[in-house]
Amino acid sequence: MVAKRIIPCLDVKDGQVVKGINFLGLKEVGDAVEMGRKYSEDGADELVYLDISATHEGRRTFVSLVERISSVINIPFTVGGGISSLSDAARLLDAGADKISINSAAIANPELIGEIASHYGSQFVVVAIDAKKLDGRWTATTHGGRVPTDRELFEWAREAQERGAGEILFTSMDHDGTKAGYPCDVYASLCDSLSIPVIASGGAGNIGHIADVLTLGKADAALAASIFHYNEIPIPVLKQELVGRGINVRL
Amino acid sequence: MIAIIDYNAGNIKSVANALERLGCSYTLTSDPEVIRKAEKVILPGVGAASEAMADLEAKGLIPVIRSLRQPVLGICVGLQVLCRDSEEGDVRCIGIFDSHVRRFQPSAEAKVPHMGWNAIGNCDSKLLKGIDGGSFVYFVHSYYPTLCPDTIATCRHGREMFSAALKYENFYGTQFHPEKSGSIGEHILRNFISL
């Protein structure tokens with residue numbers, strides 16, 4: 001059976017990994033390629049790089065960074081942030097990205113999903129959904145959870161799948177950053193309602209949370225940032241522990 | 001020199017980068033003469049088998065590929081076009097491997113695409129020398145090559161057992177991506193380079 005995946009996520013601004021990074025001698029701002037290499041040596045199954053540059057210059061730097069990542073890293077990696085057209089996606093594919101992740105651009109223009117998938121295949125398109133519960137309804141949001149949309153999580157995920165998405169990356173904005181665990185029941189319903197893989201993101205504070213979302217939550221992969229960056233949970237320790245709990249992961 | 005066949009097959013850069021990391025010289029080409037004279041040939045591929053066949057046909061490369069006597073490695077859709085036929089676009093393929101390419105049926109335990117790391121078994125070939133059964137490699141595909149006498153490694157997704165790798169005479173194929181399969185993948189590529 002296909003193994004459950006562990007995916008560190010790196011936020012990149014102007015070519016550098018940002019968010020306080022503090023492991024193995026890397027400083028507050030880390031080198032994106034070196035961190036990726038270290039994670040891949042530690043047993044990460046994939047990497048996600050999100051470009052949070054707001055400037056045109058920053059975006060250009062990101063494309064050349066993707067080229068460097070692709071020449072060094074020997075596991076798959078996804079890139080996201082600021083992709084709003086087929087040509088943006090094409091530039092990143094040409095630079096060597098294995099997948100792209102689209103979020104608010106897909107909500108603004110759902111046809112973009114099918115456009116990219118028909119050119120480069122569904123496996124290339126990850127649709128990221130940031131949702132929170134508003135009046136009892138899981139609502140997709142943009143702008144880091146601040147702006148609600150008229151999209152409901154389950155309907156939107158289903159539509160994204162039908163339009164050609166190869167994976168759904170769902171972050172609960174109610175749990176992101178809390179380190180209190182994932183909403184496993186919501187993940188389980190989402191996974192049951194889709195035929196494509198689901199990546200869980202946001203909320204992990206300990207190994208038990210990750211184990212839960214991969215079992216009770218039925219998620220195919222778990223993505224996290226700070227618990228890996230701060231080395232709170234080293235990936236080899238996490239994976240050994242998951243194996244000990246009977247979860248199929250790659251060692 | 002390894003010729004990587006360039007035929008609009010998507011991300012061929014990862015294959016080139018992987019060879020570069022191994023210090024192996026290569027060229028990206030669709031020139032029949034260069035391909036025929038290469039020591040080894042890699043046929044990469046992502047996307048749909050029918051489109052890959054159409055692109056290879058448009059470049060006049062199908063008879064060239066058939067005529068090759070040096071080691072050839074098809075990767076992913078590059079393997080699928082070397083099979084007999086594919087359900088993807090219902091297309092007749094080059095027919096080197098005695099395998100048919102079928103679509104996975106999604107189920108609760110087997111999502112489609114089959115995406116991620118899965119274990120291979122029954123490894124039996126010089127290409128997979130030193131690779132233990134149970135080793136994890138990276139797959140991304142919705143269609144799979146059936147088991148056949150050319151199968152040199154197997155994999156299971158849900159209820160389906162399929163060919164993870166195939167070999168017929170000088171032709172080899174991996175349904176997984178060795179260029180994305182970490183150190184195991186590098187080991188397999190090194191085996192191919194030293195065939």
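In what follows, chains are A, B, ... by sequence order, proteins preceding strands, each numbered from 1.
For the set B:Pro113, B:Ser14, B:Pro106, B:Ala48, the count of heavy-atom pairs under 4.5 angstrom toward chain A peaks at B:Pro113. When the candidates A:Asp98, A:Asp94, A:Asp192, A:Asn248 are compared by the number of heavy-atom contacts under 4.5 Å with chain B, A:Asp98 comes out ahead. Considering only heavy-atom pairs separated by less than 4.5 Å from chain A, the leading option among B:Glu51, B:His157, B:Arg21 is B:Arg21.
Using a 4.5 Å cut-off between heavy atoms, A:Glu41 does not touch chain B at all. Interface residue A:Ser195: backbone and side-chain heavy atoms are both found under 4.5 Å from chain B. Using a 4.5 Å cut-off between heavy atoms, B:Glu20 does not touch chain A at all. Within the 4.5 angstrom heavy-atom criterion, only backbone atoms of B:Ser183 (N, CA, C, O) approach chain A. The contact between A:Arg250 and chain B is made by backbone and side chain atoms together, counting heavy-atom distances below 4.5 Å. Residue contact with chain B, scored on non-hydrogen atoms closer than 4.5 Å, involves the backbone of A:Ala95 exclusively.
By the 4.5 Å heavy-atom criterion applied to side chains, B:Leu43 and B:Leu56 are counted as neighbours.
With B:His141 contributing its side chain and B:Tyr143 its backbone, the two residues share a donor-acceptor pair below 3.5 Å.
A donor-acceptor contact closer than 3.5 angstrom is absent between the side chains of B:Glu160 and B:Gln105. Side-chain atoms of B:Asn17 and A:Ser70 form a donor-acceptor pair, as typed in the model, at a separation below 3.5 Å. Of the N and O atoms on the side chains of B:Asn122 and B:Thr154, at least one donor lies less than 3.5 Å from an acceptor on the other residue. A side-chain donor from one of B:Ser107 and B:Glu109 sits under 3.5 Å from a side-chain acceptor of the other.
Under the 4.0 Å criterion applied to side-chain N and carboxylate O atoms, A:Lys38 and A:Asp42 are assigned as salt-bridge partners.
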